[in-house]
**Q** 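Would you mind keeping the following structure in view while I ask a few things?
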Amino acid sequence: MAAFPQGFLWGGALAANQCEGAYLEDGKGLSVPDMIKGGTVDTPRMITSTVHEGEYYPSHEAIDFYHHYKEDIALFGEMGFKCLRVSINWGRIFPTGEDAEPNQAGIEFYRSMFEEMHKNGIEPLVTLSHYELPYALAKKYGGWSSRELVEPFVRYARLCFEEYKGLVKLWITFNEINCLCAPFGNIMGGGILPPGDNVALDYSTKVEWDDEQRRYQALHHQFVASALAVKAAHEIDPDNKVACMIASRATYPYSCRPEDVLFAQKMERMANHYCGDVQVRGAYPSWADRLWREKGVHVEQEPGDAELLREGKVDFYTFSYYKSSTVSTDPTVPVGTGNVFYDDAVNPYLETSDWGWTIDPKGLRWYLNDMYDRYQVPMMIVENGLGAIDVVEEDGSIHDQYRINYMRDHIEQMAEAIDDGVDLIGYTMWGPIDIVSAGTGEMKKRYGFVYVDKHNDGSGDLHRARKDSFFWYQKVCNTNGEVLG
Ligand code: BG6
């Protein structure tokens, strides 16, 4: 097996709204996920137009990372993390998005968090927008479907680059930007809210407010905002490196029927290349005109946008990888379950997780090779992991060999990809400590090396405990991936 390069960034990844809690503390404003109640694998999350007293909203307390970050970062340090991916909650810095002055308490909270990481030998990788934005901006403008969001976002991004200069040099603009075109990211990351109160986020139902015109236009606005942020990051500190972040969709044709092969290519282009091309190559792909025409979408662009996208290219490519997808044009082919990509055919060669996601380590090698061939910039996996049900034994131990197996098999394929010539610089697995699931709002779907006593109904004393995987990953980090057994 090929060796991982010196300085490889082993670590984990978190999102503010899924871990911090303290949803109104120290001047923070409401953000979109604060309006979304918990669901389960069978019942959808509901979004409300005001906070309903006495009802359970997972982001309000989450795992209270806001008050536990020092002990949690110490645990990551103990595991030997070299990198921790976190996100800044925009509403802690600008509570309504358009405030005359930033919220100093919010600025200081993140400064202290980044300092704590450095004390533990951990490099921060910071996402500016991870499935959230100030609720006031979503309400007032219809989220990113309006170009009005570009200016407040760039102001917020500039402030972060200035405040955290010297503390943070690795940045991501938008998490899973390509999910803006899937119903999931449309609401949480796009801030395109449904009309009414208590609306089910039933991602497979197409409703009137959820149209593609709005989504593709919103995506263009995020591309513009991202390009402006990249330029600002470079100007404020030439050491800054900024990445795109794509929810990968390694796509296989269900059969060798040419229709299936062409369909897989189309899905792959829409899911992966559309956003990757704009953010890494600095231009929409050649087939975008036909895509828009066939969808009946018109993407309004201002003069100068094309030049801006060229100037605001990212420095490296990051992505999440949980599963691969299999697609077919044949309506009789059985369809499985997934999160954002709900039209997947069942792949008979792959097993699935408790939540129906395929488990496919080789798909990760395939994706790394495919994207590196295309973009030729450093690559980083910033999310990967297994959401599973953990059992706490009577003595408090948690034996999560299934999680170790999942990650070991994926890391082996990373090594293969490095041997294939891919410039892979890091791996921050998803949810190193148990956090709220973005898709279902559950705590039961756990990814962590560190267990948190918090449950689907909001109960639990929040104590932390090391799982078996904690000690396994400690060896991985400390041997630079040489010991995976
Ligand atoms: C990614 C998101 O899509 O998947 C994370 O960036 C999310 O925010 C992760 O938590 C896993 O999904 P889930 O639904 O299991 O939390």
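All values below come from the heavy atoms of this structure, side chains included, with hydrogens, waters and symmetry mates left out. In each ligand, atom 1 is the first atom listed, and ligand 1 is the first ligand listed.
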**Q** Between Trp430 and ligand 1, which part of the residue brings a heavy atom under 4.0 Å of the ligand: side chain, backbone, both or neither?
**A**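 Within the 4.0 Å criterion, Trp430 contacts ligand 1 through side-chain atoms alone.
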**Q** Give the numbers and elements of all ligand 1 atoms closer than 4.0 Å to a heavy atom of Tyr131.
**A** 2 (C), 6 (O), 8 (O)
**Q** Who are the side-chain hydrogen bond (donor to acceptor under 3.5 Å, both in side chains) partners of Asp457, not counting sequence neighbours?
**A**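 Applying side-chain hydrogen bond (donor to acceptor under 3.5 Å, both in side chains) to Asp457 gives Ser459.
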**Q** Identify, by atom number and element, the atoms of ligand 1 in contact range of Ser437, meaning under 4.0 Å from any of its heavy atoms.
**A**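 Ligand 1 atoms under the 4.0 Å threshold to Ser437: 13 (P), 14 (O), 15 (O), 16 (O).
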**Q** What part of Ala15, side chain, backbone, both or neither, has a heavy atom within less than 4.0 angstrom of ligand 1?
**A**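 Neither part.
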**Q** Between ligand 1 and Thr440, is the shortest N or O to N or O distance under 3.5 Å?
**A** no
**Q** At less than 4.0 angstrom from any non-hydrogen atom of Gly439, what atoms of ligand 1 do you find?
**A** 13 (P), 14 (O), 16 (O)
**Q** Any N or O of Val436 that comes nearer than 3.5 Å to an N or O of ligand 1?
**A** no
**Q** Would His130 count as a contact of ligand 1 if the rule is a heavy atom under 4.0 Å away?
**A** yes
**Q** Write down the atom of Met414, the atom of Phe4, and the distance for their closest heavy-atom approach.
**A** CE-CE2, 3.8 Å
**Q** Just to be sure I read this right, does ligand 1 sit under 4.0 Å from the backbone of Ile435, its side chain, both, or neither, counting only heavy atoms?
**A** neither
**Q** Identify every side-chain donor-acceptor pair in residues 264-271 under 3.5 Å, counting partners at least two apart or on other chains, and give the distances.
**A**
unit_1: Glu268; atom_1: OE1; unit_2: Asn272; atom_2: ND2; d: 3.0
unit_1: Glu268; atom_1: OE2; unit_2: His273; atom_2: NE2; d: 3.4

**Q** Side chains of Ser129 and Tyr156 only: does a donor on one sit below 3.5 Å from an acceptor on the other?
**A**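 On atom types as modelled, these side chains do not qualify, holding no pair under 3.5 Å.
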**Q** Can a side-chain donor-acceptor contact be found between Asp400 and Ser469 if the only test is distance below 3.5 angstrom?
**A**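 Asp400 and Ser469 do have a side-chain donor-acceptor pair below 3.5 Å.
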**Q** Considering both backbone and side-chain atoms of Met245, is one of its nitrogen or oxygen atoms within less than 3.5 Å of a nitrogen or oxygen in ligand 1?
**A** no
**Q** Does Tyr473 have its ring centroid less than 6.0 Å away from the ring centroid of Phe81?
**A** yes
**Q** With only distance considered, is Lys445 within less than 3.5 Å of ligand 1 through an N or O on each side?
**A** yes
**Q** Only one of Tyr164, Phe65, Phe114, Tyr69 passes ring pair (Phe, Tyr, Trp, His ring centres under 6.0 Å) with Phe109; say which it is.
**A** Tyr69
**Q** Quick check on contacts: which atoms of ligand 1 are under 4.0 angstrom from a heavy atom of Ala438?
**A**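 Those qualifying, in numeric order: 7 (C), 8 (O), 10 (O), 13 (P), 14 (O), 16 (O).
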**Q** Is the distance between the ring centroids of Phe153 and Phe174 under 6.0 Å?
**A**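 Ring centroids of Phe153 and Phe174 are less than 6.0 Å from each other.
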**Q** Quick check on Trp355 - does any of its heavy atoms sit under 4.0 Å from an atom of ligand 1?
**A** no
**Q** What atoms of ligand 1 come within less than 4.0 Å of a heavy atom belonging to Asn175?
**A**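 Under 4.0 Å from Asn175, ligand 1 has these atoms: 6 (O).
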**Q** Using the benzene-type ring in the case of Trp, are the ring centres of Tyr216 and Tyr274 under 6.0 Å apart?
**A** yes
